[in-house]
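Working notes, beginning with the structure itself.
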Amino acid sequence: MKLLTTRFIAILILVIPGLLAMKGFLMMKDDIFNYISMHGDDKATPVFAWLHFGGGLLLFLAGMSFLGGWILTRDRKRNYVGPRFKEKQKTQQPPSPDASS
């Protein structure tokens, strides 16, 4: 039962950022469509909803960066990435002779 619960929580951790990214994409798409469709109406003055578009962009970038970071971390653990994306090895510097007191 514990394994089932942990897997369900892991799926939720991945689904929630995906839903946020989807919502952000739909917000941006709707703003662009509404702005373009206002040009066909002679009675309306076309105004772009920058605040709504920016919120959608923020949601989209946050969700996609979380998912991209998760995939990169998982692939690094399994050694699937190329040399460009491998973690840099930290080199230990020898202690300096002045440090011995």
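Every heavy atom of this structure was used, including side-chain atoms; hydrogens, water molecules and symmetry mates were not. We're numbering straight along the sequence, starting at 1.
Of all non-hydrogen atoms in Met27 and Gly55, the two that sit nearest each other are CE-C, 4.1 Å. Contact between Ile32 and Phe53 at its shortest, heavy atoms only, is CD1-CE1, 3.9 Å.
How far OG1 of Thr73 is from CZ of Arg78: 12.0 Å, rounded to the nearest 0.5 Å. Separation of atoms CG (Leu61) and CG (Leu20) is listed at 12.0 Å; rounding is to 0.5 Å. A distance of 10.5 Å separates CD1 of Ile11 from OG1 of Thr6, quoted to the nearest 0.5 Å. To the nearest 0.5 angstrom, Leu72 atom CG is 12.5 Å from Leu67 atom CG. Taken from CG in Asp31 to CD1 in Ile36, the straight-line distance is 11.0 Å, to the nearest 0.5 Å. From His52, atom NE2 reaches atom CG of Leu57 across 12.5 Å, with rounding to the nearest 0.5 Å.
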Would you sort out whether Met38 and Thr45 count as a side chain to side chain contact (heavy atoms under 4.5 Å, CB included), showing the intermediate values? CA-CA 7 Å; Met38 275 190 241; Thr45 304; over 6 Å; no
Under the side chain to side chain contact (heavy atoms under 4.5 Å, CB included) rule, what do Ile13 and Phe66 come out as? Steps first, then yes or no, please. CA-CA 10 Å; Ile13 289 173; Phe66 181 86; 3.9 Å; yes
For Arg76 and Glu87, run side chain to side chain contact (heavy atoms under 4.5 Å, CB included): C-alpha distance rounded to whole Å, both residues' side-chain angles, the deciding distance at 0.1 Å, then the answer. CA-CA 8 Å; Arg76 278 182 180 166; Glu87 288 190 39; 3.5 Å; yes
List the steps and the verdict of side chain to side chain contact (heavy atoms under 4.5 Å, CB included) for Lys2 and Thr5. CA-CA 5 Å; Lys2 184 178 179 182; Thr5 306; 5.7 Å; no
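Around CG of Leu51, the count of heavy atoms belonging to other residues, nucleotides or ligands within 6.0 Å does not exceed 12. Dense packing is recorded around NZ of Lys86, with more than 12 heavy atoms of other residues, nucleotides or ligands lying under 6.0 Å away.
Residues Val81 and Ile71 do not share a hydrophobic cluster, clusters being chains of Ile/Leu/Val/Met/Phe/Trp/Tyr side chains in contact below 4.5 Å. No path of Ile, Leu, Val, Met, Phe, Trp and Tyr side chains, each step under 4.5 Å between heavy atoms, connects Phe8 with Leu3, placing them in separate hydrophobic clusters. When hydrophobic clusters are built by joining Ile, Leu, Val, Met, Phe, Trp and Tyr residues whose side-chain heavy atoms come closer than 4.5 Å, directly or via intermediates, Met28 is not grouped with Val47.
Ring pair Phe25/Phe60 is tilted by interplanar angle, where 30° to 60° counts as tilted.
Remark: Tyr80 pairs with no residue by the ring-ring contact (aromatic ring centres under 6.0 Å, His included) rule, at least two apart or across chains.
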